[in-house]
Amino acid sequence: MVPPKLSNGQTKQNGVTLLPRKGITTRSQNNATNNALLKQPLLNKDLRSKRKAEASPVKEKTIKRSALGNITNAIAKPFGTTQQQEPKKAVKKVVHTKLKPTQTTSNRVAEKVVPKADVVVPKPKAVPRVKALKDEEEKSKVSSKIEAVRRSLDLEKSDDSSLYVSALEDISDTSIKKSERDDKKAEKNEKKETPKDDATTSGGKTEKPHATINLDAVPERTMPEGVQWDFDAENWLDPFQVSHYAMDIFNYLKERECLFPIGDYMEKQVCLSRWMRSLLVDWMVEVQESFELNHETLYLAVKLVDLYLTKVTVGTETLQLLGAASLFIASKYDERIPPMVEDFLYICDGAYTQRELIRMEMSVLKVVDFDLGIPLSYRFLRRYARCAKVSMPTLTLARYILEYSLMDYSTIRYSDSKMAASALLLALQMKDLGGWTQTLEYYSGYKVDDIRDIVHVLNEGLHRKHKEALVTIRNKYSHKIFFEVAKLPLKDTLDI
């Protein structure tokens with residue numbers, strides 16, 4: 001016979017049905033429970049695969065703060081204490097409920113809880129900080145310190161310094177303690193030193209506005225005897241005069257003159273002559289006029305030609321190419337909008353190619369070692385004329401004498417500063433305006449004995465009649481724009 005079916009969890013042993021012990025489940029029971037669970041509807045099950053973070057055991061619940069979400073926590077306490085905020089709150093509640101009957105413990109709990117609650121406040125109030133000070137004397141010290149700092153900052157800053165005033169209103173406890181320490185140190189120092197007025201013993205803060213005023217104040221300097229005026233002090237507030245260090249600039253230029261020596265190179269130049277050099281300079285002046293270049297460009301180009309001829313031997317066919325390349329370099333150095341390469345090739349009547357001009361430019365720069373900061377006599381002349389307060393017609397006459405001397409080969413061995421002083425002295429003699437004054441001697445650094453020989457050389461050059469081919473400079477300064485200074489009568493004898 002087939003044995004009767006047994007209920008779930010029953011076993012039959014020797015004809016007797018046995019119930020399972022408590023806490024033990026059979027395989028059939030497990031299958032039954034699993035089937036029952038499968039039949040139930042899946043309500044909260046997520047069809048996606050579980051992440052490892054959800055499968056991991058749950059740790060202490062912590063709330064992560066966003067990057068810029070809760071700024072007050074970052075200001076109140078460091079980042080490491082944010083994770084312990086929730087457990088502390090839980091402990092606070094438990095202790096508060098259990099130890100409620102006793103009065104002493106409740107007070108202790110209150111003392112512990114109050115500073116924690118203050119941390120959450122976004123901005124600490126100024127009232128409890130003032131209460132932290134015990135005596136009224138300390139309050140007065142702090143208030144006086146704040147007022148002194150405000151006054152000093154008001155003097156240093158502008159009237160609209162609301163940022164600094166608001167910063168002083170929110171002074172922290174640490175700043176108050178530092179101010180107290182500074183007060184103690186100041187008291188000790190005052191005991192050691194002699195007592196002074198409050199205006200002078202304010203830590204040097206009241207002297208700062210005077211320092212800013214002194215930067216714009218005209219300096220009071222004692223000039224040597226015979227010097228009529230202090231030109232730099234009179235133009236101290238003019239930024240274009242650069243009066244603060246104009247004297248130092250021209251002293252530096254005078255020191256650099258020895259770096260660009262020009263010797264007697266005509267003996268080495270077999271194919272060239274003094275007449276050919278004068279003809280080249282005359283042509284360069286014509287180019288300067290046609291392109292309307294600065295006078296500094298012309299003087300720098302002539303200097304480059306002389307420096308190149310001192311070290312390199314040049315043929316007759318490349319002399320004009322050297323002048324064009326020197327003008328090209330000088331115009332790029334001194335002009336705001338320099339002429340193009342095609343312009344210089346056009347002026348040379350197509351005698352040279354662009355490649356030849358660029359190769360000559362590279363050669364000149366290598367000879368000069370790429371140093372184009374050459375002191376120029378034209379710059380010295382303008383400085384001396386301004387300091388002596390010479391009129392414009394007299395300055396134009398000195399410019400004519402100096403530019404006319406560019407064609408004279410005998411003047412290349414003199415320094416530019418002495419050439420400028422000599423041209424100005426000769427112009428004063430031709431205008432009957434006196435001789436070399438103490439003011440010019442002070443600003444130029446030269447006496448009459450230093451430039452007397454050069455003045456005679458320049459005067460002889462003006463009396464020398466050149467050929468008709470060298471009339472460009474004379475025609476240039478015979479124009480009304482230049483006050484027709486080339487037409488003035490010459491001096492046979494000079495009173496120097």
Side-chain angles (χ1 to χ4, degrees), residues 226-228 231 250 253-254 257 262 274 278 281-282 285 295-296 298-299 302-303 306 375-466 470-496:
V227 180
Q228 298 178 356
F231 179 77
F250 283 93
L253 290 176
K254 288 173 68 175
E257 287 181 345
I262 299 174
R274 295 186 178 186
S278 301
V281 173
D282 185 86
V285 173
H295 287 84
E296 291 86 351
L298 173 64
Y299 282 81
V302 175
K303 275 287 180 183
D306 290 332
L376 303 177
S377 57
Y378 186 81
R379 300 185 189 276
F380 287 104
L381 177 61
R382 294 179 64 183
R383 166 70 175 173
Y384 300 158
R386 285 178 180 177
C387 294
K389 296 183 180 180
V390 175
S391 61
M392 196 62 193
T394 307
L395 175 59
T396 308
L397 177 59
R399 287 168 54 188
Y400 164 66
I401 297 169
L402 192 61
E403 191 169 335
Y404 199 80
S405 67
L406 292 177
M407 296 187 299
D408 193 355
Y409 176 78
S410 60
T411 60
I412 63 172
R413 64 180 185 271
Y414 300 120
S415 65
D416 288 74
S417 56
K418 288 184 178 180
M419 287 290 296
S422 303
L424 183 57
L425 177 56
L426 181 57
L428 292 174
Q429 289 286 315
M430 292 176 65
K431 285 276 191 177
D432 297 327
L433 296 176
W436 200 247
T437 61
Q438 294 291 332
T439 305
L440 286 169
E441 182 179 342
Y442 171 74
Y443 285 105
S444 65
Y446 296 117
K447 298 180 180 180
V448 181
D449 297 336
D450 300 330
I451 59 177
R452 182 179 287 108
D453 296 336
I454 306 175
V455 174
H456 288 294
V457 172
L458 294 178
N459 192 26
E460 291 175 2
L462 293 177
H463 284 82
R464 189 182 304 114
K465 293 182 179 180
H466 293 284
L470 305 178
V471 294
T472 305
I473 298 175
R474 189 179 295 274
N475 294 336
K476 173 183 176 181
Y477 284 92
S478 298
H479 199 273
K480 293 182 180 180
I481 297 176
F482 296 102
F483 304 100
E484 300 180 354
V485 293
K487 298 179 181 180
L488 292 176
L490 303 178
K491 286 280 185 178
D492 296 330
T493 56
L494 300 176
D495 186 11
I496 54 174

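This one's a predicted model, so the numbers in the text were calculated from it and none came from an experiment. Along the sequence shown, residues carry numbers from 1. Side-chain atoms are counted along with the backbone in the values below, which use heavy atoms only and exclude waters and symmetry mates.
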Is D306 paired with K303 through a side-chain N to carboxylate O contact shorter than 4.0 Å? no

Salt bridge between K418 and E257, side-chain N to carboxylate O under 4.0 Å? no

With a 3.5 Å distance limit and no angle check, can you tell me whether T411 reaches the backbone of S405 through a side-chain donor-acceptor pair? yes

Mark yes or no for whether T439, through its side chain, and Q228, through its backbone, hold a donor-acceptor pair below 3.5 Å. yes

[X] side, atom [atom1]; [Y] side, atom [atom2] - distance, nearest 0.5 Å:
X    : Y    : atom1 : atom2 : value
D495 : D432 : CG    : CG    : 10.0 Å
K254 : F380 : NZ    : CZ    : 7.5 Å
S278 : D408 : OG    : CG    : 7.0 Å
M419 : L376 : CE    : CG    : 12.5 Å
L494 : N459 : CG    : CG    : 4.5 Å
Y384 : R379 : OH    : CZ    : 13.5 Å

For [X] and [Y], work out which heavy atoms get closest and say how close.
X    : Y    : answer
S422 : I451 : OG-CB, 3.4 Å
R413 : S410 : NH1-O, 3.0 Å
W436 : L425 : N-CD1, 3.7 Å
Y409 : R274 : CD2-NE, 3.2 Å
D282 : V471 : OD1-N, 3.7 Å
L428 : G434 : CB-O, 3.7 Å

Going by heavy atoms in the side chains, are [X] and [Y] under 4.5 Å from each other?
X    : Y    : answer
L402 : Y299 : yes
L462 : M430 : yes
M407 : R464 : no
V485 : I401 : no
K431 : S391 : no

Listed once per pair and sorted, the salt bridge (charged side-chain N to carboxylate O under 4.0 Å, His left out) pairs that draw on residues 475-490, sequence neighbours left out: E403-K476

Parallel, tilted or perpendicular: which one describes the rings of F482 and H295, with boundaries at 30° and 60°? perpendicular

Can you check side-chain contact (heavy atoms from CB on, under 4.5 Å) on V457 and Y414, steps first, answer last? CA-CA 11 Å; V457 172; Y414 300 120; 3.9 Å; yes

Under 3.5 Å, is there a donor-acceptor pair linking the side chains of Y446 and S417? yes

Would you say K447 has more than 12 foreign heavy atoms packed within less than 6.0 Å of its NZ? no

